[in-house]
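For reference, the structure is listed below as structure tokens.
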There are 2 protein chains.
Amino acid sequence: MSSSQTARRRARAELTQEIVDIARGQLATSGAAGLSLRAVAREMGMVSSAVYRYFPSRDDLLTRLIIDGYDAVGEAVEQADAAVDPDDVTGRWVAVCHAVRTWALAHPHEYALLHGSPVPGYRAPDDTVGPAARDAVVYGRILSDAWASGRLVLPDGGPPAPAPLADDLEAVRAMMPGVPDAVVVRAVALWATLYGMVSFEVFGTFDTVVRLRDVLFDHTVRSLAAWIGLPGT
Amino acid sequence: MSSSQTARRRARAELTQEIVDIARGQLATSGAAGLSLRAVAREMGMVSSAVYRYFPSRDDLLTRLIIDGYDAVGEAVEQADAAVDPDDVTGRWVAVCHAVRTWALAHPHEYALLHGSPVPGYRAPDDTVGPAARDAVVYGRILSDAWASGRLVLPDGGPPAPAPLADDLEAVRAMMPGVPDAVVVRAVALWATLYGMVSFEVFGTFDTVVRLRDVLFDHTVRSLAAWIGLPGT
DNA sequence: CAGATGCGAGAGCAGTGCTCTTGACATGGC
DNA sequence: GCCATGTCAAGAGCACTGCTCTCGCATCTG
């Protein structure tokens with residue numbers, strides 16, 4: 001019977017998932033540095049070597065948590081975008097930014113794992129690059145929709161994009177089809193500002209600088225929206 | 001003789017410095033996670049317990065490295081600012097941004113220690129807050145000079161700063177006396193963008209996105225300068 | 001010149017990631 | 001049904017970590 005084989009594989013899948021869940025719990029409380037394979041095994045009533053049947057190393061377990069983290073923030077961003085009237089492009093952008101911030105503040109250690117220092121030697125590029133771009137796709141779609149519907153006015157002021165940047169902008173434009181260079185290059189800046197603000201907040205840099213951090217964040221995000229040419233609210 | 005007392009104390013000071021230097025070397029090659037007190041002791045020909053006479057814990061040694069790191073980037077920023085004609089406020093801002101980026105790319109692990117995930121439980125606030133603000137003081141002075149000399153034109157467009165933010169903006173204004181609210185609030189955004197861009201680059205987020213990262217950085221920094229009201233070049 | 005103090009060495013504890021071997025169990029072909 | 005095959009948990013063990021403690025020795029202080 002293939003069901004018995006399935007039983008074995010299902011047990012493996014369930015145990016793998018349980019390891020990930022417990023590891024995420026320990027990550028949430030102790031941070032990435034405090035995550036211990038032995039502690040995970042202990043909490044599962046297993047011995048440490050048994051865990052290595054499911055994850056060949058601690059870094060692989062961390063990589064899995066990273067992928068799941070990107071997926072979680074991507075999910076939050078997509079839901080936030082879907083909850084707003086599609087024609088309200090500025091509202092969508094603001095909602096998406098708040099979704100990132102809210103998720104990061106609720107999962108600071110997971111956020112640190114995604115956007116803080118690379119914990120192992122360096123990041124495994126292939127596995128994580130897909131989920132990592134999930135949120136960027138949403139930003140791109142918002143800008144693309146705004147441009148296609150004529151709601152995005154081409155920003156003026158500031159220097160024009162340097163010619164050698166054309167290839168790079170073309171690649172980034174894949175996430176926001178049709179959008180002109182001046183908007184693409186500012187989109188990258190907005191992306192950096194978003195995560196810069198959130199990182200400052202999560203990592204404590206803003207602690208001694210700003211008190212009403214939610215108000216500042218909201219205002220900054222709206223100002224940036226205006227800068228890139230999105231309509232005011 | 002106080003010279004013999006000085007000899008003892010000087011030996012202590014020299015050994016402390018040697019520990020820090022070796023630790024910084026190991027930080028540069030192995031990263032913060034790989035920095036080991038025992039390895040430092042080994043490289044010094046000491047036994048590990050002896051190092052604890054100089055630093056009560058590994059976290060204290062890391063804190064020292066953090067303070068030195070903030071000092072180093074602050075130094076780099078101040079030198080970059082001083083090397084430009086003081087009246088060329090935009091040039092000063094661009095130079096300062098490049099100084100941060102250059103330092104970060106040259107010392108990625110140290111940068112990660114400063115602006116990546118907080119490695120120990122959490123950062124000791126009092127000791128690090130002074131050196132951490134050293135670069136921000138330079139940004140503030142540039143904007144303050146620009147405003148005082150009439151070279152900074154009040155930016156328009158975008159929503160006005162919310163009233164509840166007045167207190168926070170007043171506090172931030174301490175670093176850029178006289179500058180109006182609309183500029184202060186954008187200065188915070190610029191600060192976040194600067195470190196967001198550098199973090200994306202140092203942490204590898206841009207690896208699969210942009211190739212001519214120096215060109216993009218320079219252009220972004222100049223665009224932001226125009227956004228905050230600094231004159232074009 | 002004593003006594004107090006600072007310092008390095010060594011042993012030791014608890015914890016970590018990871019490897020290897022051993023024995024029990026389920027799976028699948030004959 | 002049986003037996004080889006592969007999977008699995010367990011345990012021991014290695015090398016490493018941060019950190020604590022004690023013990024002598026050198027240095028400094030009154």
Side-chain angles (χ1 to χ4, degrees), chain A residues 1-20 22-23 25-27 29-66 113 118-122 124, chain B residues 1-20 22-23 25-27 29-66 113 118-122 124:
Chain A
M1 303 283 281
S2 66
S3 67
S4 45
Q5 179 193 12
T6 307
R8 175 114 117 184
R9 290 180 183 267
R10 192 170 58 190
R12 178 175 183 86
E14 286 178 359
L15 277 180
T16 305
Q17 189 58 44
E18 189 180 346
I19 290 174
V20 170
I22 292 181
Q26 298 208 350
L27 170 65
T29 61
S30 310
L35 187 138
S36 149
L37 264 179
R38 295 180 107 113
V40 171
R42 217 176 297 130
E43 192 170 331
M44 293 183 65
M46 294 174 72
V47 87
S48 72
S49 60
V51 181
Y52 284 84
R53 296 257 170 213
Y54 299 88
F55 290 93
S57 81
R58 179 179 179 273
D59 282 7
D60 289 86
L61 179 54
L62 275 178
T63 301
R64 170 64 183 268
L65 291 176
I66 290 173
L113 192 61
V119 185
Y122 266 102
Chain B
M1 301 288 280
S2 66
S3 66
S4 46
Q5 179 194 9
T6 307
R8 175 114 113 185
R9 289 181 185 267
R10 192 170 58 191
R12 179 176 181 86
E14 285 178 359
L15 277 180
T16 305
Q17 190 56 46
E18 189 179 345
I19 291 174
V20 170
I22 293 181
Q26 298 209 349
L27 170 66
T29 61
S30 311
L35 187 141
S36 148
L37 263 179
R38 293 181 108 112
V40 171
R42 218 176 297 129
E43 193 170 330
M44 293 184 64
M46 294 173 71
V47 89
S48 72
S49 60
V51 180
Y52 283 84
R53 297 268 176 203
Y54 300 87
F55 289 94
S57 81
R58 179 179 179 273
D59 282 7
D60 289 85
L61 179 54
L62 275 178
T63 301
R64 169 63 183 267
L65 290 175
I66 290 172
L113 191 60
V119 184
Y122 266 103

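Note that this is a predicted model, so its numbers are computed, not measured. Chain naming here is simple, since letters A, B, ... match the order of the sequence lines and numbering starts at 1 in each.
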Would you name the heavy atoms of A/Glu43 and A/Gln26 that are closest together and state the gap between them? OE1-NE2, 3.2 Å

Name every residue in residues 36-44 of chain B that has at least one heavy atom under 4.0 Å from any atom of DNA chain D, in order of residue number, or write none if there are no such residues. B/Ser36, B/Leu37, B/Arg38, B/Arg42

Rounding to a whole Å, what distance do you find between A/Asp59:CG and C/dT16:P? 16 Å

Min side-chain heavy-atom separation A/Arg64-A/Tyr54 under 4.5 Å: no

So do the side chains of B/Val51 and B/Leu61 get within less than 4.5 Å of each other, counting heavy atoms only? no

Can you tell me the distance, in whole Å, between the OH atom of A/Tyr52 and the P atom of C/dG17? 6 Å

Please compare B/Gly45 and A/Pro56 by the position of their nearest nucleotide in DNA chain C and report the one closer to 5'. B/Gly45

D/dA9 OP1/OP2 closer than 4.0 Å to side-chain N/O of A/Tyr54: yes

Calculate, to the nearest 0.5 Å, the distance between atoms CG and CG belonging to A/Leu27 and A/Leu35 respectively. 6.0 Å

Under 4.0 Å, counting only non-hydrogen atoms across every strand here, what does B/Ser57 touch: a base, just sugar-phosphate, or nothing? sugar-phosphate

Once you apply a heavy-atom cut-off of 4.0 Å, does A/Leu61 come out as touching a base, just sugar-phosphate, or nothing? nothing

Return the value, rounded to whole Å, for the distance between atom CZ of B/Arg58 and atom P of C/dT16. 15 Å

I want to confirm an ordering. Mapping A/Ser48 and B/Ser49 to their closest nucleotides on DNA chain D, which one lands closer to the 5' end? A/Ser48

Whole angstrom is fine here: how far is it from CE in A/Met46 over to C1' in D/dA9? 6 Å

Here the pair of heavy atoms bringing B/Ala41 nearest to B/Ser48 is CB-CA, 3.7 Å

Nearest-0.5 Å distance that lies between atom CD1 in B/Ile22 and atom CD in B/Gln17: 11.0 Å

C/dT19 P sits how many Å from A/Phe55 CZ, rounded? 16 Å

Report the distance from atom CZ of B/Arg9 to atom OG1 of B/Thr16, rounding to the nearest 0.5 Å. 12.0 Å

Hydrogens and angles aside, do A/Asp60 and A/Thr63 bring a side-chain donor and acceptor to less than 3.5 Å of each other? no

A/Gln26 CD to C/dG15 C1': how many Å, rounded? 14 Å

Rounded to the nearest 0.5 Å, what separates atom CG in B/Asp59 from atom CD1 in B/Ile66? 8.5 Å

Give the rounded distance in Å between these two atoms: CG of B/Leu62 and C1' of D/dG18. 12 Å

Between the protein and nucleotides 21-23 of chain C, list every N/O to N/O distance that falls short of 3.5 Å.
none

